[in-house]
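Here the structure is laid out as structure tokens; the discussion comes afterwards.
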Amino acid sequence: LAQAQLQMETGNLDMAFLLYKNAAGQDDAEALTALGKMYDPDLHSAKTSPLPSPNPGLAADYYKRAADAGNVLAQRRLGILMMEGRHGADADITAGRQLLSTAAAAGDEEAKTYLEAHP
């Protein structure tokens, strides 16, 4: 995981992706979240992902595994994608709000702000 983060910092996105995939195979929540971010339509760019295009369904899959392991960022990102129906399925306001509430309760200010803006 540390090596993957170092590769991201130096701009070697292909190597970072492979290292994150390896760590994700061991159910590392941070690696799962990092992969989710690489596929996330809101976070995907040439500077953040080696992938040619975002894939909300795969982002949601990685975020779900990380969120289930307690990763707060994954809970927020998956909650937003679910509420907006951009996770590869129809919007699920109830489940999305629950994830955001969990993240907010853990101190995630962005989750709190999103919930306040979307009552």
Side-chain angles (χ1 to χ4, degrees):
L1 182 64
Q3 188 59 243
Q5 292 165 335
L6 178 62
Q7 295 300 317
M8 280 296 290
E9 291 170 10
T10 60
N12 191 351
L13 302 179
D14 290 323
M15 182 58 74
F17 180 78
L18 292 173
L19 292 166
Y20 281 132
K21 287 282 280 187
N22 183 50
Q26 300 170 35
D27 291 325
D28 183 287
E30 266 190 79
L32 291 164
T33 301
L35 289 170
K37 290 168 58 177
M38 288 182 169
Y39 286 103
D40 191 321
D42 291 336
L43 305 177
H44 182 276
S45 76
K47 292 182 179 184
T48 63
S49 177
L51 305 166
S53 61
N55 185 322
L58 284 174
D61 289 344
Y62 283 117
Y63 284 149
K64 171 87 171 91
R65 290 173 56 197
D68 289 347
N71 185 284
V72 175
L73 173 59
Q75 292 166 346
R76 174 178 17 106
R77 289 301 314 145
L78 180 57
I80 291 169
L81 291 174
M82 290 179 83
M83 285 188 63
E84 295 178 358
R86 297 183 308 122
H87 63 294
D90 291 335
D92 188 339
I93 304 297
T94 303
R97 186 174 298 285
Q98 179 60 45
L99 283 163
L100 285 161
S101 295
T102 300
D108 188 294
E109 291 299 320
E110 289 183 50
K112 289 178 189 176
T113 300
Y114 187 90
L115 285 169
E116 289 169 0
H118 302 85

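Predicted, not measured: the structure shown is a model, and the values here were computed from it. Quick note: numbers below take in every heavy atom, side chains included, and nothing from hydrogens, waters or symmetry partners.
Inter-residue side-chain proximity for T48 and D40 is flagged as unmet; no heavy-atom pair is nearer than 4.5 Å. In this structure, K37 and Y63 have side chains that are in contact, with non-hydrogen atoms separated by less than 4.5 Å. Here the side chains of L35 and F17 are in contact, with some heavy-atom distance below 4.5 Å. Looking at L1 and Y20, their side chains come closer than 4.5 Å, going by heavy atoms from C-beta outward. At least one side-chain heavy atom of E109 sits less than 4.5 Å from a side-chain heavy atom of K112. Using a 4.5 Å cut-off on side-chain heavy atoms (C-beta onward), Y114 and M83 make contact.
Note: the hydrophobic cluster containing L6 does not contain M38 (ILVMFWY, side chain heavy atoms under 4.5 Å, direct or indirect links).
Going from atom CG of D14 over to atom CG of L51 covers 8.5 Å, rounded to the nearest 0.5 Å. Taken from CG in L19 to CD in Q5, the straight-line distance is 10.5 Å, to the nearest 0.5 Å. Once rounded to the nearest 0.5 Å, the distance linking CG of L73 with CG of L32 reads 12.0 Å.
Nearest approach of A66 to A29, heavy atoms of both residues: CB-O, 3.5 Å. Across all non-hydrogen atoms, the minimal contact from A111 to A103 is CB-CB, 3.8 Å. The nearest pair of heavy atoms linking A67 to L99 is CB-CD2, 4.2 Å. When all heavy atoms of A4 and A16 are compared, the pair lying nearest together is O-CB, 3.6 Å.
With sequence neighbours left out, E116 forms a salt bridge (charged side-chain N to carboxylate O under 4.0 Å, His left out) with no residue at all. Residues satisfying the side-chain hydrogen bond (donor to acceptor under 3.5 Å, both in side chains) criterion with D108, sequence neighbours excluded, are R76. With sequence neighbours left out, P54 forms a side-chain contact (heavy atoms from CB on, under 4.5 Å) with P41, H44.
Under the salt bridge (Lys or Arg N to Asp or Glu O under 4.0 Å) criterion, the residue pairs touching residues 63-73 are D27-R65, K64-D68, with sequence neighbours excluded. Residue pairs meeting the side chain to side chain donor-acceptor pair (under 3.5 Å) criterion with at least one partner in residues 49-62, sequence neighbours excluded, are K21-Y62. Counting only residues at least two apart or in different chains, salt bridge (Lys or Arg N to Asp or Glu O under 4.0 Å) contacts with residues 78-90 comprise D42-R86, E84-R86.
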task: Step by step, work out the side chain to side chain donor-acceptor pair (under 3.5 Å) result for Q7 and Q3.
output: CA-CA 6 Å; Q7 295 300 317; Q3 188 59 243; 2.9 Å; yes
task: Go through L13 and M8 one step at a time and tell me if the side-chain contact (heavy atoms from CB on, under 4.5 Å) criterion holds.
output: CA-CA 6 Å; L13 302 179; M8 280 296 290; 3.5 Å; yes
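Checked by atom type and distance alone, the side chain of R77 never pairs as donor or acceptor with a backbone atom of T33 at under 3.5 Å.
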